[in-house]
There are 2 protein chains.
Amino acid sequence: MREGPDIARIASLVGDPARANMLNALMGGTALTASELALEAGVSLPTASSHLSKLMDGGLLTLASQGRHRYYGLAGAQVAGMIEAIIGVAEAVGPKRVRPGPRDAAMRVARVCYDHLAGEQAVAMLDRLFDRKLLLRDDNQIRLSPSGVSHFSALGIETHAKARRPVCRACLDWSVRRSHLAGTLGAAILDKIIAEKWARREKDSRAVVFSPTGRQAFERVFLS
Amino acid sequence: MREGPDIARIASLVGDPARANMLNALMGGTALTASELALEAGVSLPTASSHLSKLMDGGLLTLASQGRHRYYGLAGAQVAGMIEAIIGVAEAVGPKRVRPGPRDAAMRVARVCYDHLAGEQAVAMLDRLFDRKLLLRDDNQIRLSPSGVSHFSALGIETHAKARRPVCRACLDWSVRRSHLAGTLGAAILDKIIAEKWARREKDSRAVVFSPTGRQAFERVFLS
DNA sequence: GGAATGCTTCGATAAGGATCGAACCATGCG
DNA sequence: CGCATGGTTCGATCCTTATCGAAGCATTCC
């Protein structure tokens with residue numbers, strides 16, 4: 001019984017199903033609000049709030065208050081790495097999952113990450129927006145270029161910042177391990193994809209499935 | 001509330017103080033009996049037995065029965081890696097510990113991680129093995145190069161894969177935050193270090209202490 | 001200044017699980 | 001076989017903690 005870092009304390013924080021679901025949801029890289037996390041974990045708001053304060057006390061989360069919204073996010077890459085390690089063991093010892101089915105494949109191609117698009121399509125899109133200089137990489141931030149403003153405006157997407165929420169924001173993609181676009185612009189693009197019926201949300205899943213013609217339209221507008 | 005690997009189940013196994021102490025003790029790499037683990041965890045024998053069967057059910061331990069003795073050991077390097085990751089987070093978020101004492105310093109330099117070497121020495125070694133192209137980084141995997149095979153063979157280390165266990169595997173180091181070498185090769189190298197008496201295991205600790213001449217020999221062979 | 005929304009705290013309840021003593025198996029020794 | 005030793009199972013107790021409804025704060029919108 002030698003003393004040392006309190007690993008039981010950290011592990012038990014992850015060891016509750018509700019908290020594990022929350023952390024899992026936050027592995028996408030985007031910060032989420034308490035209500036969203038409550039939904040994700042399948043518990044009531046008070047319960048979620050209690051879990052969140054425990055995770056905060058444990059140092060696993062960071063909190064960004066924006067007005068009456070409170071965004072919870074993972075405290076850092078080290079925490080994310082630990083969760084990945086636990087996932088790895090759980091996968092290894094857990095019931096041998098059948099080969100990743102079509103739904104998993106669809107998730108890798110395109111899925112919803114809170115309110116914007118993630119997956120291979122989303123990562124490719126961000127790459128192209130940089131290539132076409134519609135977005136500019138500025139330090140670790142993303143900015144709109146003047147041509148970007150008019151480009152999105154022509155698509156019916158207004159890009160002036162109204163809320164405190166940033167227009168552009170990088171979000172680390174779970175499956176591709178590179179950034180995709182979040183922020184109000186990312187959300188607006190996803191809105192457009194759905195509104196134009198280029199794709200539909202899979203029921204009870206984060207997967208986003210493009211129709212053949214919808215994919216062509218999306219590629220013409222964002223990947224050309 | 002998506003379904004997936006049951007990470008809460010795994011984490012909650014580690015999340016009990018008694019079990020965490022047991023796992024910690026097993027990180028030394030030697031298998032221990034139920035009574036030894038009970039002592040280590042500070043619980044009675046029945047309690048320890050109950051914990052051990054839970055850890056077995058969870059797939060975190062292996063059991064080797066020898067006569068009336070039953071030796072429990074970690075189920076593999078992946079489990080060890082997960083525990084290292086949790087230790088890393090616990091160290092980072094835990095109460096700012098007083099200046100790391102001499103024993104902690106020794107642990108940072110070199111220690112046992114289940115069955116292979118960890119710490120600054122181990123991370124430096126892996127770096128050099130890459131530099132010398134004895135190992136190759138392939139995607140996210142590690143492979144032996146042809147020259148690596150002959151190099152280790154000349155040192156008396158055979159590197160053909162026999163079991164399911166990979167020869168080379170990256171394991172994240174909690175103190176350095178970079179990878180060191182696990183897998184059968186990592187285990188063989190630690191064996192050689194001990195067999196050649198370049199270093200000895202510290203009593204009741206995971207620390208590995210090199211002798212002056214042993215360190216020179218190690219550096220000549222693996223860090224040159 | 002209301003009204004509405006997002007979130008937290010409080011209080012009570014319920015369930016899970018950690019713990020130990022005692023009894024029970026199994027192996028090895030003489 | 002009888003006995004000692006290492007381990008596990010059983011049963012009862014106790015404590016931790018997850019949970020939710022209701023009420024309370026805080027911030028924004030109208």
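Computed from a prediction, not measured in an experiment: that's the story for all the values here. In what follows, chains are A, B, ... by sequence order, proteins preceding strands, each numbered from 1. Just so you know, these numbers use all the heavy atoms, side chains as well, and skip hydrogens, waters and symmetry mates.
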> What is the distance, rounded to the nearest whole Å, between atom CE of A:M22 and atom C1' of D:dT19?
Replying inline: 12 Å
> By side-chain hydrogen bond (donor to acceptor under 3.5 Å, both in side chains), which residues pair with B:S12, not counting sequence neighbours?
Replying inline: none
> A:S53: what forms a side-chain hydrogen bond (donor to acceptor under 3.5 Å, both in side chains) with it, not counting sequence neighbours?
Replying inline: none
>> Angle between the two end axes of the helix from C:dG1-D:dC30 to C:dG30-D:dC1, five base pairs per end, rounded to 10 degrees?
In response: 20°
> Within this structure, what is the CZ-to-P distance between A:R9 and D:dT16, rounded to whole angstrom?
Replying inline: 16 Å
> With sequence neighbours left out, what residues match A:S35 under side-chain hydrogen bond (donor to acceptor under 3.5 Å, both in side chains)?
Replying inline: none
> What residues form a ring pair (Phe, Tyr, Trp, His ring centres under 6.0 Å) with A:F218, not counting sequence neighbours?
Replying inline: A:F210, A:F222
>> Expressed as a whole number of angstroms, how long is the span from B:E36:CD to D:dT5:C1'?
In response: 14 Å
> With a 4.5 Å heavy-atom cut-off, do A:L63 and A:L52 have their side chains touching?
Replying inline: no
>> Taking salt bridge (charged side-chain N to carboxylate O under 4.0 Å, His left out) as the definition, give me every residue that meets it alongside A:R128, ordered by chain and number, with sequence neighbours left out.
In response: A:D131
> B:T33 near the nucleic acid: base, sugar-phosphate alone, or nothing, with a heavy-atom cut-off under 4.0 Å?
Replying inline: sugar-phosphate
> Expressed in angstrom and rounded to an integer, what is the separation of A:R19 atom CZ from D:dT19 atom P?
Replying inline: 8 Å
> To the nearest Å, how far apart are B:M56 CE and D:dT9 C1'?
Replying inline: 17 Å
Protein N or O to nucleotides 11-14 of chain C N or O, pairs below 3.5 Å:
none

>> Rounded to whole Å, how long is the line connecting atom CG of B:D57 with atom C1' of C:dG17?
In response: 15 Å
> Roughly, in whole Å, what's the span from CG in A:L52 to P in C:dG6?
Replying inline: 16 Å
>> Just to verify, what does B:R201 make a salt bridge (charged side-chain N to carboxylate O under 4.0 Å, His left out) with, not counting sequence neighbours?
In response: none
>> Taking side-chain hydrogen bond (donor to acceptor under 3.5 Å, both in side chains) as the definition, give me every residue that meets it alongside A:S145, ordered by chain and number, with sequence neighbours left out.
In response: A:S147
> Residues in side chain to side chain contact (heavy atoms under 4.5 Å, CB included) with B:K54, at least two apart?
Replying inline: B:L13, B:R19, B:S50
Find every protein N or O atom lying less than 3.5 Å from an N or O atom of nucleotides 19-21 of chain C, and list the pairs.
{"from": "C:dT19", "atom 1": "OP2", "to": "B:H51", "atom 2": "NE2", "distance (Å)": "2.5"}
{"from": "C:dC20", "atom 1": "OP2", "to": "B:S44", "atom 2": "N", "distance (Å)": "3.1"}
{"from": "C:dC20", "atom 1": "OP2", "to": "B:S44", "atom 2": "OG", "distance (Å)": "3.1"}
{"from": "C:dC20", "atom 1": "OP2", "to": "B:T47", "atom 2": "OG1", "distance (Å)": "2.8"}

>> Could you check whether any side-chain N or O of B:R206 sits under 3.5 Å from a backbone N or O of B:G28, counting only pairs where one atom can act as donor and the other as acceptor?
In response: no
> Just checking B:Y72: base, sugar-phosphate only, or nothing, at a heavy-atom cut-off of under 4.0 Å?
Replying inline: sugar-phosphate
> Taking only side-chain nitrogens and oxygens of B:R70, does any of them come within less than 4.0 Å of OP1 or OP2 of C:dA26?
Replying inline: no
> Who are the salt bridge (charged side-chain N to carboxylate O under 4.0 Å, His left out) partners of B:E196, not counting sequence neighbours?
Replying inline: B:K192
> CG of A:L13 versus C1' of D:dT16: gap in Å, rounded?
Replying inline: 14 Å
